[in-house]
Amino acid sequence: MLLNWKIMKKLIVFLVVLVLTVKLNAQNIDWKNATNWQLYNTREIAAFDFTLATLKEFRSIPLNLDTMQAFLEKTEQWPKEKYSMWSGLYVVTCELPNAGTRNIEISVYGGFFYDDKTKRYYQLPLEIRNDWLEYLSNKSSTFSL
């Protein structure tokens, strides 16, 4: 009986550590590891409710992986209670290792974005926000050509 209790204690500790590790990793996304970035030809606020299937109905263009990785290198997650009002957005998708494709809405003015899956906001460092917004604006303007 004593041996079983020791095994059970070790199993419980292992499971707690595993659950905490998974939970922490889900909240702290390393966005620079995302690939296959696509910008979609829609600026509708309804995009917050779009599924991946809905987005496929829109024209899209790829975003440069090296550029996106450079921009997202020092992305910070907002506290869970912080949110933002929206006045315009870009709609993108990306693929995260072992996490599948994500719908992302990017603010057209604020240097932040929203991950539909985790329902969390992330922001870029202040010193690169204007470059980020200019890059997205230039890419988005190709839809009107």
Side-chain angles (χ1 to χ4, degrees), residues 6-145:
K6 287 182 180 181
I7 292 172
M8 287 298 290
K9 280 177 38 177
K10 286 181 182 181
L11 182 60
I12 290 169
V13 169
F14 172 76
L15 289 174
V16 168
V17 170
L18 180 65
V19 166
L20 289 174
T21 301
V22 168
K23 186 172 178 98
L24 289 175
N25 284 340
Q27 292 178 353
N28 297 318
I29 297 170
D30 193 357
W31 290 104
K32 71 180 182 298
N33 290 328
T35 59
N36 298 322
W37 288 90
Q38 292 287 319
L39 174 66
Y40 292 85
N41 187 20
T42 182
R43 305 278 296 271
E44 300 174 43
I45 200 72
F48 280 98
D49 296 322
F50 288 175
T51 64
L52 291 173
T54 303
L55 285 176
K56 289 181 182 187
E57 297 173 15
F58 295 94
R59 223 172 92 205
S60 69
I61 54 173
L63 298 174
N64 182 279
L65 181 58
D66 291 338
T67 302
M68 293 302 289
Q69 287 174 334
F71 280 130
L72 298 169
E73 187 172 1
K74 294 183 180 174
T75 302
E76 295 178 355
Q77 179 178 289
W78 284 3
K80 202 168 197 165
E81 64 279 356
K82 186 175 177 180
Y83 64 92
S84 181
M85 301 301 287
W86 289 82
S87 146
L89 55 83
Y90 300 108
V91 179
V92 301
T93 57
C94 67
E95 293 179 20
L96 285 166
N98 303 317
T101 303
R102 296 289 180 89
N103 288 6
I104 308 293
E105 288 80 31
I106 300 173
S107 168
V108 298
Y109 64 90
F112 64 89
F113 61 94
Y114 180 78
D115 173 27
D116 285 356
K117 181 153 184 142
T118 61
K119 309 290 188 225
R120 300 297 297 264
Y121 287 90
Y122 298 84
Q123 69 184 9
L124 279 69
L126 186 59
E127 61 272 9
I128 64 170
R129 288 181 190 169
N130 287 338
D131 293 336
W132 158 262
L133 295 173
E134 183 178 343
Y135 173 72
L136 292 168
S137 177
N138 289 340
K139 290 301 259 183
S140 180
S141 68
T142 63
F143 289 122
S144 59
L145 297 177

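Residue numbers run from 1 in the order of the sequence given. Computed from a predicted model, the values in this text were never measured in an experiment.
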Problem set entry | ring pair (Phe, Tyr, Trp, His ring centres under 6.0 Å) assessment of W86 paired with F112 | CA-CA 11 Å; W86 289 82; F112 64 89; 5.2 Å; yes

For this session: Determine, step by step, whether R129 and Q123 satisfy the side-chain contact (heavy atoms from CB on, under 4.5 Å) criterion, reporting the C-alpha distance in whole Å, the side-chain angles of both residues, the deciding distance to 0.1 Å, and the verdict.
Result: CA-CA 9 Å; R129 288 181 190 169; Q123 69 184 9; 3.4 Å; yes

Problem set entry | I106/W132 under side-chain contact (heavy atoms from CB on, under 4.5 Å): CA gap, chis, key distance, verdict | CA-CA 10 Å; I106 300 173; W132 158 262; 3.6 Å; yes

Problem set entry | Worked verdict on Y135 versus N64 for side-chain contact (heavy atoms from CB on, under 4.5 Å) | CA-CA 10 Å; Y135 173 72; N64 182 279; 3.6 Å; yes

For this session: Show your reasoning for whether side-chain contact (heavy atoms from CB on, under 4.5 Å) applies to I29 and R102.
Result: CA-CA 12 Å; I29 297 170; R102 296 289 180 89; 3.3 Å; yes

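Contact of the L72 side chain with the Y122 side chain is not registered, since no non-hydrogen atoms from C-beta on lie closer than 4.5 Å. The shortest side-chain heavy-atom distance between L136 and F113 does not fall under the 4.5 Å cut-off.
Pairing each heavy atom of A34 with each of L96, the nearest pair is CB-CD2, 3.7 Å. Across all non-hydrogen atoms, the minimal contact from W37 to V92 is CZ3-CG2, 3.9 Å. The two atoms that bring Q38 and S60 nearest to each other are OE1-OG, 3.0 Å, heavy atoms only.
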Which atom pairs, one a donor and one an acceptor, fall under 3.5 Å between side chains of residues 42-53 and the rest of the protein, sequence neighbours left out?
from : atom 1 : to  : atom 2 : distance (Å)
T42  : OG1    : E44 : N      : 3.4
R43  : NE     : L89 : O      : 2.9
T51  : OG1    : A53 : N      : 3.4
T51  : OG1    : T54 : N      : 3.1
T51  : OG1    : T54 : OG1    : 3.0

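Separation of atoms OG1 (T75) and CH2 (W31) is listed at 8.5 Å; rounding is to 0.5 Å. Expressed to the nearest 0.5 Å, how far NZ of K139 lies from OH of Y90 amounts to 12.5 Å. To the nearest 0.5 Å, the span separating OH on Y121 from NZ on K82 amounts to 10.5 Å. Residue I128 holds its CD1 atom at 13.0 Å from CD of E134, rounded to the nearest 0.5 Å. To the nearest 0.5 Å, the span separating CG on L63 from CG on N36 amounts to 11.0 Å. From L133, atom CG reaches atom OG of S140 across 11.5 Å, with rounding to the nearest 0.5 Å.
No donor-acceptor pair closer than 3.5 Å links the side chain of R120 to the backbone N or O of D115.
Shown here is N130, whose CG atom has no more than 12 heavy atoms of other residues, nucleotides or ligands within 6.0 Å.
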